[in-house]
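Below, chain A is the first sequence line, B the second, and so on; all start at residue 1.
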Number of protein chains: 2
Amino acid sequence: MVRIPPQSGVAFHLKRGQVLRVIDPEGEQVSDLVAFADGDASERFAAGYTTDYANSIFLTTGGVLYSNRSRPMFTIVADDVGRHDLLLSPCSEEMFRILRGVDGHPSCDENIRKSLASQGLQWDGTDAFNIFMNVNVAPDGAVSVDAPLSKAGDHIDLRAEMDLVVALTACSSEHTNNGRCKPIEYEVLDFSD
Amino acid sequence: MVRIPPQSGVAFHLKRGQVLRVIDPEGEQVSDLVAFADGDASERFAAGYTTDYANSIFLTTGGVLYSNRSRPMFTIVADDVGRHDLLLSPCSEEMFRILRGVDGHPSCDENIRKSLASQGLQWDGTDAFNIFMNVNVAPDGAVSVDAPLSKAGDHIDLRAEMDLVVALTACSSEHTNNGRCKPIEYEVLDFSD
């Protein structure tokens, strides 16, 4: 079990068939996930294709995360929460400046970028699967970022459908995490052992 | 005035301050738009940031299309239709295979890729602003692709907020365009002249 401290991120490799378990140890904490095909940085997670194939903006158990080449990257095989976000990009320093008037705020964007750089990957700052993030769309299209539905100890399990390089954060936005940025935990389960 | 034949695409340069007018000559026809900062292929249109800053999945007059660096790329300065899509990726050969069981179907993905290649740009196949595309989200998150609301002659005007390379299509999906793929027209208006 690895703990990701508040407002930070990590990157690591997953082999096809391994299951990534992401746990919210305290509750109401978001974790942004970004993924690349291991060995081919041009293939990466694509929220738009994932939405199209799911025919939904919400994914839960049985849902598939697709790449920009329409290949399955992950299948959700367990999910205590049932609410995650595909619409929004990771919080960034620019976003805190534009939306909240704050300079130099820690961000998922910076944490993903630095974590992936340690794996030799450059990230362009867009699509992510925002685990436990509770984003709702009103009939007129208005988007609201509400308190996560995750309770202490809740988790989601994602089975890797190809070899992957993954970045994972404990989200840095107070607003997104109901007022306080908390840690995230993860473990890699290898059912082929 | 340039006509984009059905199921095809073009790419061209825009200077900051120029206005791109996209016209639906027959009605009920979608046009996918992709944009890069001219001279820096690492800065490109980002649907997730655009949604976050708009606080809405729908953009119309006054709305701003943002890049992956949170810089304005376009402002919508006129809009006859008021319904365009930020959620879905351009239709691709793989999408027609997966969703419709059809091989070798023409696609926006292929048309964007080829058009941008003629400008020396490589496209990774994800974010687009889907002009006139009528995508709705139900309260349970289900996504529906409905007939475009555009009537013959309707247009949208997008003012370039930086120098850009743009790809624009006449969308290749029969389903998205109420059963028949039709042409799109565009012109570049230079108000600084």
Do you reckon [X] sits in the same ILVMFWY cluster as [Y], going by side-chain contacts under 4.5 Å, direct or chained?
X: A:Leu168; Y: A:Leu116; result: no
X: A:Phe129; Y: A:Ile184; result: yes
X: A:Phe132; Y: A:Ile23; result: no
X: B:Leu149; Y: B:Ile156; result: yes
X: A:Leu59; Y: A:Leu20; result: yes

More than 12 heavy atoms from other groups under 6.0 Å of CZ on B:Arg21
yes
Do A:Ile57 and B:Ile57 have side chains that approach each other closer than 4.5 Å (heavy atoms only, starting at C-beta)?
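Answer no - side chains too far apart.
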Can you tell if the side chain of B:Asn55 reaches within under 4.5 Å of the side chain of A:Leu99, non-hydrogen atoms only?
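Sidechains of A:Leu99 and B:Asn55: no contact.
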Under 4.5 Å from a heavy atom of chain A, the part of B:Leu88 involved
both
Within residues 25-51 of chain B, contacts to chain A at heavy-atom distances under 4.5 Å involve B:Arg44, B:Ala46, B:Gly48, B:Tyr49, B:Thr51
Give the member of A:Asn136, A:Val137, A:Asp52, A:Thr126 that has the highest number of heavy-atom pairs under 4.5 Å with chain B.
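Highest number of heavy-atom pairs under 4.5 Å: A:Asp52.
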State, to 0.1 Å, how close A:Glu94 and B:Arg69 come at their nearest heavy-atom pair, and which atoms those are.
CG-O, 4.0 Å
Do you know the tightest heavy-atom contact between A:Ser92 and B:Tyr53?
OG-OH, 4.3 Å
Side chain, backbone, both or neither: which part of A:Leu87 has an atom under 4.5 Å from a heavy atom of chain B?
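Both backbone and side chain.
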Interface residues of residues 1-9 of chain A facing chain B - non-hydrogen atoms under 4.5 Å apart:
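Under the 4.5 Å heavy-atom cut-off, nothing qualifies.
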May I ask you to decide if B:Met95's main-chain N or O and A:Ser70's side chain share a donor-acceptor pair within less than 3.5 Å?
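No, the answer is negative, given that no donor and acceptor are paired below the 3.5 Å cut-off.
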